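See structure below.
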Amino acid sequence: MSTDLNTKPFTATAISPVAEQRGAPWLIVTLREVTVKVRDKSFIITTLITVALIVGSVVFAGIMGERTTTATVAFAENGRTANLLASANELAGSKDQKIELTAHPVSSGDAALETLRAKDADLVLAPTPDGYSLTGISDVPADIQSLLADAAEAQALDFNAGQLGVTPDELKAGSEVSQVLLEGNQERNSMAMVMGFIFSFLFYMSAMIFGMPIANSVVEEKQNRVVEILATAIPIRQLLAGKILGNLVLAMGQLCLFVGIGLLALTMMPTEIPFISVVIATSGWFLAFFLAGFLILAAVWAALGAMASRTEDLQQSTGPVIMVLVAVLFTGMYAKGSLLVVASYIPVVSSVAMPIRLLSSDVPLWEPIASLAVAIAAAWAMVLLGERIYRRAIMQTGSALSWRKALKLED
């Protein structure tokens, strides 16, 4: 993504002849916003780099998911320990865990430690009065330790059951604890958490990169008095419409590219991705909610730019908007339960909250439709309000205006 804030002003002579011929000045402004940006080398390069990172991260995750963890385990020659390693490998296969342990028997425990120090083995397994100890050079992989612990527990269970003259199943009777989730399942919730972060991050970055330039462009044209020249060639309302639509096209285009490339990479993975159909369907909802949320923010930024008298004024006036974007980011990462349900009906925040709900559980169709309708209505109202303030404040000079003062101005 590119953070280049394009504020290159128009010239009246460049617009008026074409605008008169086509009768759609807003379209000229929109095309200008788009063409200038897509020709910018930094925008093209950063977009391509981001696409490469998306594909690379998906491929890397797939490779790591297929990667088998291997370790050579040294131990003093002991039938009990050797049996434990064999049981661990068998248990890993039954659980589809990609772990493979290679036994490396030596003459004694001291010899096993020397083998570890010489790095001819990765771990040392030794029996203790309470079970086993697993020794590593600087760390012990958690997945290997967990696997050996499960195998040791099964081994001890078999032995103790034999001593008591019962079967292991009889000994374990009544000890099973099953997992029950009221909403979704563990695997789906994990997927929703990851995708929630991705959606919230994409929304935050796209809104910042394509929304802030609207405010900067407006205030610079006002500060340089360029807007007064533009007003003689193009209606103020259509100038604003072109700015918003141009950046909306850019934001939606880049976002569709990123989401599409990511989904394509996921579907082409050699292993089946759980709930991929849910992710694809929810991505469509996310794009629809992003459109409504971005329109709200774009209208706000345009109004803030018109009310400012200098670029420095935006540093203070845009603070609340940044806080809203941070709230969207935190909603995507941490919101759960009733808070997430409420957030899914709040415009802008719903752009992330509702897709997360759709990912984590089965939500009735009417809920996303109703939430999207609320967001679209809010976007329409905010665009009308932003246009009203922009039209009244853009020609005002002097100190920065407040929302109340801007609304009291006459056309």
Side-chain angles (χ1 to χ4, degrees), residues 1-48 50 202-203 205-258 287 290-308 311 314 318 321 379 382-384 386-387 389-391 393-394:
M1 297 181 184
S2 171
T3 56
D4 174 48
L5 301 180
N6 172 46
T7 56
K8 182 179 178 182
F10 290 105
T11 61
T13 55
I15 294 181
S16 54
V18 182
E20 290 177 0
Q21 292 174 12
R22 299 193 181 183
W26 63 268
L27 180 59
I28 306 301
V29 180
T30 300
L31 293 176
R32 186 261 182 188
E33 292 285 333
V34 174
T35 53
V36 169
K37 196 72 172 180
V38 297
R39 290 175 182 172
D40 182 68
K41 289 184 179 179
S42 62
F43 175 77
I44 296 172
I45 292 173
T46 51
T47 300
L48 293 176
T50 304
L202 286 175
F203 184 91
M205 293 302 298
S206 296
M208 285 293 294
I209 289 171
F210 296 104
M212 277 297 292
I214 297 175
N216 281 276
S217 175
V218 169
V219 74
E220 286 205 7
E221 290 174 357
K222 178 179 179 179
Q223 189 175 4
N224 298 334
R225 313 297 288 269
V226 174
V227 69
E228 297 177 11
I229 302 175
L230 293 175
T232 64
I234 180 173
I236 294 296
R237 181 182 285 108
Q238 297 207 28
L239 176 61
L240 175 62
K243 286 182 177 293
I244 293 178
L245 289 175
N247 283 277
L248 177 62
V249 169
L250 288 166
M252 287 296 296
Q254 191 179 73
L255 199 60
C256 288
L257 175 64
F258 292 160
L287 293 174
F290 174 83
L291 189 150
F294 184 84
L295 278 175
I296 294 173
L297 295 172
V300 172
W301 265 311
L304 292 175
M307 291 187 293
T311 304
L314 291 177
T318 57
V321 184
M382 195 64 239
V383 167
L384 292 179
E387 181 270 337
I389 291 178
Y390 177 86
R391 182 163 36 85
I394 193 63

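Atoms considered below: every heavy atom in the structure, side chains included; atoms not considered: hydrogens, waters and symmetry mates. Just so you know, these numbers come straight off a predicted model, no measurement behind them.
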Shortest non-hydrogen contact between [X] and [Y], atoms and distance:
X	Y	result
Leu295	Ala379	CB-CB, 4.0 Å
Ala302	Leu240	CB-CD1, 3.3 Å
Leu297	Ala207	CD1-CB, 3.8 Å
Val38	Ile44	O-CD1, 3.1 Å
Gly246	Val34	O-CG2, 3.7 Å
Ala298	Ile214	CB-CD1, 3.7 Å

Beyond-backbone contact of [X] with [Y], side-chain heavy atoms, under 4.5 angstrom:
X	Y	result
Leu248	Phe210	no
Trp301	Val218	no
Leu31	Leu27	yes
Ile209	Phe43	no

Looking at CG of Leu245 and OG1 of Thr30, how far apart are the two atoms once the value is rounded to the nearest 0.5 Å?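 Result: 4.5 Å between the selected atoms.
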Distance check, rounded to the nearest 0.5 Å: Leu384 atom CG versus Ile389 atom CD1?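 Going from CG on Leu384 over to CD1 on Ile389, the span is 11.5 Å.
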Donor-acceptor contact present, side-chain Thr35 to main-chain Arg32, <3.5 Å: yes
Would the distance check show the side chain of Asn247 and the main-chain N or O of Lys243 forming a donor-acceptor pair, the cut-off being under 3.5 Å? yes
Excluding sequence neighbours, so at least two apart, what forms side chain to side chain contact (heavy atoms under 4.5 Å, CB included) with Leu287? Met252, Leu255, Cys256, Val259
Under a 4.0 Å N-O cut-off, is there an ion pair linking Lys37 with Glu33? no
Can you see whether Ser206 engages Gln254 through a side-chain donor-acceptor pair at a distance of less than 3.5 angstrom? no
